[in-house]
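Before any comments, here is the structure.
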Amino acid sequence: MVFEGLAEKLQSTLQKLKGKGKVSEKDVTEAMREVKMALLEADVNFKVVKDFINKVKERAVGAEVLESLTPGQQIIKIVNEELTALMGTTQSKINFSSKPPTILMLVGLQGAGKTTMGGKLANMFKKQGKRPLLVACDIYRPAAIKQLQIVGGQVDVPVFTLGDKENPVKIANEGIKHALDHGNDFVIIDTAGRLHIDDDLMGELQNIKSNVKPHEILLVVDAMTGQDAVNVAEHFNEKLGIDGVILTKLDGDTRGGAALSVRAVTGKPIKFVGLGEKLNENSIEVFHPDRMASRILGMGDVLSLIEKA
Amino acid sequence: AKTKQGITGKVDELIKSYQKIDDDLFDELEEILITADIGVQTTMDIIDAIKDKVKSEKIKDPLAIKELLKEQLFEILNELSDDEKLKIEPSPAIILVVGVNGVGKTTSIGKIAHRLKGEGKKVLLAAGDTFRAAAIDQLQVWGKRAGVEVIHHQEGSDPAAVIYDAIQAARARNAEVLICDTAGRLHNKKNLMMELEKIFRVVEREYSNATREVLLVLDATTGQNAIQQAKIFNEAADITGLILTKLDGTAKGGVVIGISRELKVPVKFIGVGEQKEDLQEFDSKAFVNALFGQE
Ligand SMILES: Nc1nc2c(ncn2[C@@H]2O[C@H](COP(=O)(O)OP(=O)(O)OP(=O)(O)O)[C@@H](O)[C@H]2O)c(=O)[nH]1
Ligand SMILES: Nc1nc2c(ncn2[C@@H]2O[C@H](COP(=O)(O)OP(=O)(O)OP(=O)(O)O)[C@@H](O)[C@H]2O)c(=O)[nH]1
Ligand SMILES: [Mg+2]
Ligand SMILES: [Mg+2]
C-alpha cells in the first residue's frame, strides 16, 4: 500500500506550493477535497467527514511548511494527527471489577462477529490467568448455542446454557449465579444479533443490562460497514449506553472507515479488533488508533517516512 | 416494503427547499447519494450526468431533478432486469451460494429452499460449509424449516467432497434444485478462494448438464468494500446473480448500484428479515422508487 491513493494525490495537488513559506486557504481547500474523497471512499460517514474536514482546515491554514517537508506531507501529517486524535489517542483496556466476576456483554447487528469474538476474548483472558465463563443468550439464531459450545470447546472455556426455550434475561441471571458458584471471575454474555431499530429485541438487552449490570457492554461492529455505521452505533449507545466498541474482520481489505464513524458519534473507545475466523491470540488485537488512521487514509508506510523526514 | 424508509422523502424535501437549481442543491444531492452507500465515483458520475442534462435541456425547475435522478439509476439497473429471475430451468439445477463471512448465505439458502419447496420443486441442500462452528447444524435447522433434505459430512471435512456427494444424491433422488452452502470467506484470502475453485471444478466435472446459478450474497450494511467483494468473487466464480440481505435495517444497500454498473450482475433476491418468508424477488423499479421516494 506504499504511496497509494491519497498521499500521492495530495503530493501532486500541493506540489506547486514548494518553496512557499505558508499554506494558504485556497491550497488547503483544494487538498481537503482529496482528503474528503479518500475518507468517503473508506466509508467514513458523510457528516463525520464534513466535521473532520472543517477542523483540519482550521489547523492547516497558515501552518508553517516545515523546511524538511513538502506541503503535501505537511498536510498529510496534520490530517493523520487529527484522525488519530479523533480515534482516541490512547489504547484502552477492559475495566475489571474489584468484585468478581467481571461481566462483559457483547451486542451488535446480525453476523457482526459477536460469538466468534466471545471465543477470542475468553481465550485471551484465560491465557492471562482469568477463569472465564461463556453464557449463551442467543436463543433465536439456528444452532447459535451449539456454535458457542463448539467455540467454548475450542478454547477450553465452559459454556453456560439453558437451551433455547428460556428467556435470555433469565439465562443471563442464572449464568452469573453459575459463575459465582463455580469461581468464574470473568463472564462473557453472547447475545443474539439484532437490528438497532428492533424495539422488542433492544428492550431485551436493556432488561439483561438492568438485571446483571455488566461492567462492559461492547458493541461489535463489522469493519466493512458503510454509511449506516453511525445509525447503528447511535441507536445501540442511546438504548444501552455502550462502554466500547470491537471492530471485526479487519483481516479483510476494507479501509474500515466505520471505525471513525462509530467513534465520532458515540465518543466510546474502540477496544479490540478481530483479525480472522480462528480463536487464537493472532486473531485478536488491542486497538491501535494510529494504525487505524493510516489504514483509513490508505497511506501505508507514507507516515513512517514522514516521521523520519 | 421495508426499504421504503430512509431517503424516501429526503429528495423531495431537498427539492422543495430550492427555488432554483444551483451548486448547493447538487451538494445536498451528493450527500443523499453517498449516505446511501452509492459510492463517491458513482455519485459523481450520476450528478455530472444530471448536470449535463440540466444544461442541455435548459431545465430550471428543481422538481425535475428527481426524475432525472431516477432515470440515471434505472439506466444502471435496468439493463439487467431481464436476468432478475432465478434460473433453475431446465432441471436439474444447481445453485452455489458464496460470499464473505456473516452476510447471510445460510439463511438465504433456507429462505430460497422454502420458496422453491412452496412452488412444488424437489429441493436438496448441501452443507458445503464444513469450517464454521455449527454451520452444518444451522443449515439442518433450515432444512427442517423448509422441509428439505440436507446432505452433509462432518465438520472439518473437504467441502468439495460434500458437493460431490450432494450431486450424486441429487441425481439419485431426481432433485430438481440442489442448493450448496459454502463457508464465508474474505475475498482477499487466496487459499480460501482457491478452495472455491476446487468446488467449481467438481461441479463442472460432475454436473455439467445442470443449469447453474452462482449467487453472491452481499450484506446491505456493507460499504464500498462490497464492490471489491463482487469483483474478486466474480473473477473466481463467474457470479450470475446477487442477493442483497438485511434490507430490513436502516442501510440502503446503495452499493449495488455501483456493482451493477461495474459488473453487470443482476440482483435476484433481497433479504428483509430472519424468518423463512423474509425473501423477496428483486425489482429494480421498486428498489429505486423505494430509495428515492415514490410510495
Ligand atoms: N475473516 C473474519 N471472519 C470473522 C471475524 N470474526 C467473525 N468472523 C466470521 O464471521 C461470521 C459471523 O461470525 P459470528 O461470530 O457467528 O457473528 P455473530 O455476530 O455472533 O452472528 P449472529 O449471532 O448471527 O448475529 C462467521 O463466519 C465468523 O467466522 C474476523 O475477525 N475475521
Ligand atoms: N435482519 C436480517 N438478518 C439477517 C438476514 N439474513 C440473514 N440474517 C442474519 O444474519 C446472521 C448471519 O446469517 P448467516 O446466514 O449465518 O450468514 P452466513 O453468510 O451463512 O455466515 P457464515 O456462514 O458465518 O459466513 C444471522 O443472525 C441471520 O439470522 C436479513 O435479511 N435480515
Ligand atoms: Mg452469534
Ligand atoms: Mg453460513
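These numbers come from a predicted model, not from an experiment. A, B, ... follow the sequence lines: proteins, then strands. Residue 1 opens every chain.
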Output yes when a side-chain donor or acceptor of A/Asp43 lies under 3.5 Å from a complementary backbone atom of B/Gln224, and no otherwise. yes

First locate atom CD of B/Glu274, then atom CG of A/Leu195, and finally report the distance between them rounded to the nearest 0.5 Å. 7.0 Å

Find out whether A/Met224 and B/Val103 are in side-chain contact, i.e. whether some heavy atom of one side chain is under 4.5 Å from a heavy atom of the other. no

Among A/Thr225, A/Asp253, A/Asp222, which residue meets the side chain to side chain donor-acceptor pair (under 3.5 Å) test with B/Asn225? A/Asp253

Side-chain contact, heavy-atom cut-off 4.5 Å: B/Met44 with A/Met37? yes

Note, A/Gln110 side chain near B/Asp219 side chain (heavy atom, < 4.5 Å): no

To the nearest 0.5 angstrom, please state how far the CG atom of A/Asp198 sits from the CG atom of B/Asp248. 9.0 Å

Distance, nearest 0.5 Å, that separates CZ of B/Arg132 from OG1 of A/Thr116: 7.0 Å

Residues of residues 140-150 of chain B with any heavy atom under 4.5 Å of a heavy atom in chain A: B/Val141, B/Trp142, B/Arg145

Could you look at B/Gln138 and say if it's the side chain, the backbone, both or neither that has a heavy atom under 4.5 Å from chain A? both

What is the distance from atom CD of B/Glu31 to atom CG of A/Leu40, rounded to the nearest 0.5 Å? 10.0 Å

With a 4.5 angstrom heavy-atom cut-off, which part of A/His196 approaches chain B: side chain, backbone, both or neither? side chain

Please say whether more than 12 non-hydrogen atoms of neighbouring residues, nucleotides or ligands are located less than 6.0 Å from CD in A/Gln206. yes

Counting heavy-atom pairs under 4.5 Å with chain A, which one of B/Leu186, B/Thr222, B/Asp37, B/Val100 comes out on top? B/Asp37

Can you tell me which of B/Gly110, B/Ala133, B/Gly102 forms the most heavy-atom pairs within a distance under 4.5 Å of chain A? B/Ala133

Using a heavy-atom distance cut-off of less than 4.5 Å, which residues of residues 140-154 of chain A contact chain B? A/Tyr140, A/Arg141, A/Pro142, A/Ala143, A/Lys146, A/Gln147, A/Ile150, A/Val151, A/Gln154

A/Lys50 and B/Glu28: salt bridge (charged side-chain N to carboxylate O under 4.0 Å, His left out), yes or no, with the steps? CA-CA 12 Å; A/Lys50 248 185 175 168; B/Glu28 286 195 45; over 6 Å; no

Taking C-beta and beyond as the side chain, do A/Asp251 and B/Lys189 meet within less than 4.5 Å on heavy atoms? yes

Do the charged groups of B/Lys252 and A/Asp228 touch, with an N to O distance under 4.0 Å? no

Residue B/Asp137 versus chain A: region with a heavy atom under 4.5 Å: both

Is any side-chain N of the basic residue among A/Glu277 and B/Arg185 closer than 4.0 Å to the acidic one's carboxylate O? no

